[in-house]
Structure formats: structure tokens, C-alpha cells
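Heavy atoms only: backbone and side chains are in, while hydrogens, waters and symmetry mates are out.
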Amino acid sequence: MKLRSEFIRKKPEFAPHRSLLRATGLKDEDFNKPFIGIANSYTDIVPGHVHLRDFVEIIKDEVRKLGGVPFEFNTIAVDDGIAMGHYGMHYSLPSREIIADSVETMMNAHQLDALILVPNCDKIVPGMIMGALRVNVPTVLISGGPMRAGEYKGKKIDLVTVFEGVGKFKKGEIDLNELHEIEARACPSCGSCSGMFTANTMNCLSEVLGIAMPGNGTILACTPEREELARRAVRALFKLLEEGTTIRDIITYDAIYDAFVADMALGGSTNTLLHLKAIAYEAGVDFPLEVVDEIAQKTPNIVKLSPSRPDLHIEDLDRAGGVMAVLKELTRKDPNLLHLDRKTVYGTLREAVQKAEVKDREVIRPVENPYSETGGLAILFGSLAPKGAVVKVAGVPENMLVFKGKARVFNSEEEAVEAIMDNQIKPGDVVVIRYEGPRGGPGMREMLSPTSAIMGMGLGDKVALITDGRFSGGTRGPAIGHVSPEAAAGGPIALVEDGDEILIDIPNRRLELLVDPEELERRKANFQPVKKEIPSRWLRRYAMLVTSADMGAVLMDDPNEVCSLYRKDNS
């Protein structure tokens, strides 16, 4: 493969460029080596990332050993848990676009030959992958690894335990001292939070996409096993470089299909729908929501970790055989469910699956005895969500799979949380939180605070929540998000009024607003969207360019293109 950096490294007219590179420490011999970009998302404030400065040194050392020149650069990283429940959450999903732009900018500005992505949390994983797909060079992803679960009173706990503890404290079930103890013990080490939340789901799915080594999603942070995984990943990258295999050769329609299969089996975060759709967009792959639901209908949910099952965490999945063992179990049900012969950074998917072994049937259930015959996520359509909505079925109590209730409508997350904490929400209610979508939020804030409050107040099997916003991977219960079109685009969710009946029918994939069509037309004729003041210039630009959740909340190039999409949604 001809290397992109060759003209910089060898042509006489680029002597000034080499002079600058010598100032960074390069010697004559380095100009005969490939230039390897390393996108590091190290930051002091995110527990999943605080160790990445040291972790990347291991990666750089292996690059040098294999005859490459490593060039480390940084991206930003937002911690959703710290940004949760206040103005900062507006910046969470938009940060994905900054990360993608940063990777594209650094790689193309300096014409680097190959790319190593070192993310760990939430939007950083998809953001880096999106940027890499634009650059399209040999690429491998090596995430920082998950943290261990915490422990309190002999039971495993995690970040969701703390969020739900706030609700229990408000309800009087625990006192301030006990809440403090839970807070102090839930996150015992660095790494991505220990359940099957968004970060760990995306790191697991990176294995299935084929751009990360088996074990990437489950081997704990700051362990010798993680260090060895990193070295093997670098060796895999150099093989790709030799072959001329780029990331777009690996992330194809089939790869995205298989990632959704794994997502359904694992009962992963609803955010994966946004991120895999955005990755598909950058890869030039059309992947309709209807196909996602087809996958869900034929993929059994055979793994439940926290938050769906609080006693099991990502470390348990690693002990049980990891992601590849889950895929191997799925092939017992249907040998043709996955595209096993496609290329990955570790060979073919088939080779990795054949080597895997299920070591704990309590963690990875046999396909004959799944948690459910269908996947952990479901796509709902209907009069309330013409373009779709998503629910994490794996976290929904059985009695709530079909539910009819009366709407309690709120135009912001804060209003809803205040009402929940003030005991205004009663059994049989459907909490509707709108104007929190990609455009309306702006930024499509996560809703862990209201969902955790509902669970903590003991309403998790009595109250549903519906929003055009999104949920943290730590959310459990009957929480339906990504309602499209969103309220700011004039979607039907904007027309709901207090007292309207809403039907949730997850088995039949329906989300219906049970209001007479003539009444809805009357409301639509008088509709005026709620206008929010957006003080941030960046968020104002984001709101102008962002698409709805059903498209992955990607940015268009032209505000007029976005407006035409919204007009089409409302036609």
C-alpha cells in the first residue's frame, strides 16, 4: 500500500515539513517509517479516561517496536454522568460531532498513514469511528476498558445504584449517611462504568463491527490482560497497513447488521441506535429502522447485565467468555444469523467465534432458554411515533410490556423531575417529556434522572415514560425514547395534552396516541412549537443542522436540507 505520508517524508520540496517534524524529535531513520496517528481521549475529569495517558504509552511503544512513528493527538470527552441533570447535558451528543471533526482534521491535515482510536465512553467511541470513516485509512480501535463493579452490604453496585439511591432518599427509604456510602463505593476504579451502559455496549459492538480485538469491550481497565490486548491490536493494525485494508473495507452493511444482532442479544443501550445509524451514515450505508426491528424479532436476548440485572456486570460477561461467546451461542440457534466470513482486524469473524467458549450459563443463557425470544431493544411505530421510537425491552417489567395510561406532559426534563420528586406522578400515568430531541433540546439530553427517580420512587412497574430525548445506558423500566419526528419538528408528540390516553404495545411494536384524528388535526392547525432560548452559538448551529433521531442525529451540510426533512416529516 502506498503510504499517504510518503511525499512529506521523501520529496525534496517538503524539506521544510521535515524540518518541523525534526523539532518534534524525529531522526533521519524515521522518515522511512509509516506515520501512525493515535487519537487519545485522555482527560482528568472522566473516570473512563483518566488512565489513558499511561495506557497510550503502551500503544506507542508497540508502534515503535513494529517500525512505525506514533503521533498522539487528543479529542475532547464529555462524561454523561457528570453532565447529567443540568445544562451541561446539552453538550453531550453534540460532542460526538466535535470528536469526529477532530479526528478527520488531525489525520487529513498531517496526512498520517494509519489510525489507532483510543476512546472509552459514550459518544467518544462513535465519534472517533465516524471521523475515521471519513479519513478511511487502516484503523484499529483500542478502548480503555471497563471499571470493576462496586460493592455495598455484600451486593454489587454501580453508578445506577447511586442515581436510584437519590429517589430512595427522597422517598425516605434510606438516610443521607447510607446515600453517601453508596456514592463512595459505586465506582471503585477508573474505566467505563461497569454495567451494560452505552460506553460498554459500544465497546462490545466495536468487536462485532470488526475494528477492535475480541475482549475489547469486556477486559477490565488497568490490567495486564488489557495491556496485552493493546499490543495485539497494534500488531493487527500493521497487518492491515501491509494489506492496504481500510476501515471502510471492514465497516460494511454486513458489519452493521451483525452489530445490531449482538446489541439485541446483549440487551444493550438504546443509544446504540443513534450511534450505529450515524456510523452507517459516515460509511455510506443505508440501514433503515425497519431492518433493525427485523433483527430484533429474530434475535433472542440471552444476556442481561446491569441495569437490567443489577447483580451482573461487564466483568461477569468477560468471565463467561465475552462477546464472541455470545455470538457463538447465537449461531447454535441460526448458523446464518451472522455474516461470519467477513473481514475484521482479527481475521474473519468466524475464526474468532470458533475460538470462543461459553463458560457460565448464568451469564450467557443458552438459546433454548433466553430471557426473551426477541432482542433486548424494540423499535415502535404508530400514531405517536410515525418515524419510530426505541425501548430497551430487556429492562421492562413483564406487566408493562402492554400498558395504557393517561399522559402527564412536560416540556423539559427539569419540569418532569420536579413533578416526580414532588409525588405528582401516580400509578397509571404516562410521563411525556418533549422538546428534548436533537433539535429541540438542543442536544437530545439523556434522561437518567427522571427514569431513576421513577424507579427510586417505586413506580417502575406502574408508570411509563416517553420522550423525544434519549436515555442513559443505565436506564431501566418502561422508558421509550427517540420519538420521531421530535416535538420541535412538529411531530405528534408535540400535540399530546394532559389526560390523553396513550397505548404502549411492545410485543406488537406499537406506540399510539388514542385521540380522535379530527381532534389531532385541530391541534395541528393551531400548533406553535415551544421556542427555547439557546445562549450557546455552538448549540444554535447544531440545532440548525441536526437531523431527527431516526437518522442517527447526524448533521447535514445545509440548514435548508434539514428544514426540508422536517417539512417532509409533517406532510
Between E415 and R434, is there a side-chain N and carboxylate O pair less than 4.0 Å apart? no
For residues M444 and L274, determine if any side-chain heavy atom of one lies less than 4.5 Å from a side-chain heavy atom of the other. yes
With a 6.0 Å cut-off on ring centres, are Y42 and F55 close enough? no
Return a table of donor-acceptor pairs under 3.5 angstrom between the side chains of residues 395-408 and protein atoms on other chains or two or more places apart.
from: N399; atom 1: ND2; to: D461; atom 2: O; distance (Å): 2.9
from: R408; atom 1: NH1; to: Q424; atom 2: O; distance (Å): 2.9

Side-chain H-bond candidate by donor/acceptor type, R470 with N271, under 3.5 Å: yes
Is it true that atom NZ of K155 has more than 12 heavy atoms of other residues, nucleotides or ligands lying nearer than 6.0 Å? no
Value rounded to 0.5 Å, distance of CE in M447 from CD1 in I466: 13.0 Å
Would you check, one step at a time, whether the test side chain to side chain contact (heavy atoms under 4.5 Å, CB included) holds for F471 with E446? CA-CA 4 Å; F471 297 112; E446 287 188 341; over 6 Å; no
Please report the shortest heavy-atom distance between P450 and I420, naming the atom on each side. O-CD1, 3.8 Å
Does a donor on one side chain and an acceptor on the other come within less than 3.5 Å for T467 and E436? no
Using a 6.0 Å cut-off, check whether atom CD of E290 has over 12 heavy atoms from anything other than its own residue. yes
Does NZ belonging to K156 count more than 12 external heavy atoms closer than 6.0 Å? yes
Just wondering, do L266 and C204 contact through their side chains at under 4.5 Å, heavy atoms? yes
Are F287 and L276 side-chain neighbours, meaning at least one heavy-atom pair lies under 4.5 Å? no
Hey, what do you get for NZ (K304) to CZ (R309), rounding to the nearest 0.5 Å? 9.5 Å
Looking at CG of L513 and CD1 of I502, how far apart are the two atoms once the value is rounded to the nearest 0.5 Å? 6.0 Å
Side chain to side chain, C222 and S189, heavy atoms closer than 4.5 Å: no
In terms of heavy-atom contacts, A389 and L511 come closest through CB-CD2, 4.1 Å
For the NZ atom of K359 and the CG atom of D316, what is their distance to the nearest 0.5 Å? 13.5 Å
Taking side chain as C-beta onward, heavy atoms only, is E151 less than 4.5 Å from R185? no
For the student: nearest non-hydrogen atoms of G441 and H90, plus distance: O-CE1, 2.8 Å
Just wondering, more than 12 heavy atoms not from E519 lying within 6.0 Å of its CD? yes
Between F381 and R510, is there a cation-pi geometry (under 6.0 Å to ring centre, at most 45° from the normal)? no
Using distance alone, with no hydrogens and no angle criterion, decide if S143 and N216 have a side-chain donor and acceptor under 3.5 Å apart. yes
Verify whether one side chain among H49 and T43 offers a donor that lies under 3.5 Å from an acceptor in the other. no
Rounded at 0.5 Å granularity, tell me how far OG1 in T201 sits from CD1 in I314. 7.0 Å
So with a 6.0 Å cut-off around NE2 of H180, is the heavy-atom count from everything else above 12? no
For T374 and V393, run side chain to side chain contact (heavy atoms under 4.5 Å, CB included): C-alpha distance rounded to whole Å, both residues' side-chain angles, the deciding distance at 0.1 Å, then the answer. CA-CA 9 Å; T374 57; V393 186; 5.7 Å; no
Do S269 and F197 touch side chain to side chain, with heavy atoms closer than 4.5 Å? no
Counterpart residues, salt bridge (Lys or Arg N to Asp or Glu O under 4.0 Å), relative to E329 (two or more places apart): R332, R361
Do the side chains of R509 and D293 get close enough for a salt bridge, i.e. N-O under 4.0 angstrom? yes
For R53, is the CZ atom crowded, meaning more than 12 foreign heavy atoms sit under 6.0 Å from it? no
For G127 and I99, the nearest pair of non-hydrogen atoms, with its separation, is C-CG2, 3.7 Å
Looking at every non-hydrogen atom in both residues, tell me the closest pair between A385 and V483 and how far apart they are. CB-CG1, 4.2 Å
Checking side-chain polar atoms at under 3.5 Å, does H313 have a donor or acceptor matched by the opposite partner on R148? no
Between D122 and V78, is there a side-chain heavy-atom distance shorter than 4.5 Å? no
Is the count of non-hydrogen atoms from other residues, nucleotides or ligands lying under 6.0 Å from K532 atom NZ greater than 12? yes
Under a 3.5 Å cutoff, is there a donor and acceptor pairing between the side chains of N200 and N203? no
Any K123 side-chain heavy atom under 4.5 Å of S92 side chain: yes
Using 0.5 Å steps for rounding, measure from the CD atom of E164 to the CD atom of E173. 11.0 Å
Are R523 and D500 within salt-bridge range, i.e. N to O under 4.0 Å? yes
Heavy atoms of L555 and Y281 approach each other most closely as O-OH, 4.2 Å
Presence of salt bridge, D429 and K426, under 4.0 angstrom: no
Between E533 and R540, does any side-chain N to carboxylate O distance fall below 4.0 Å? no
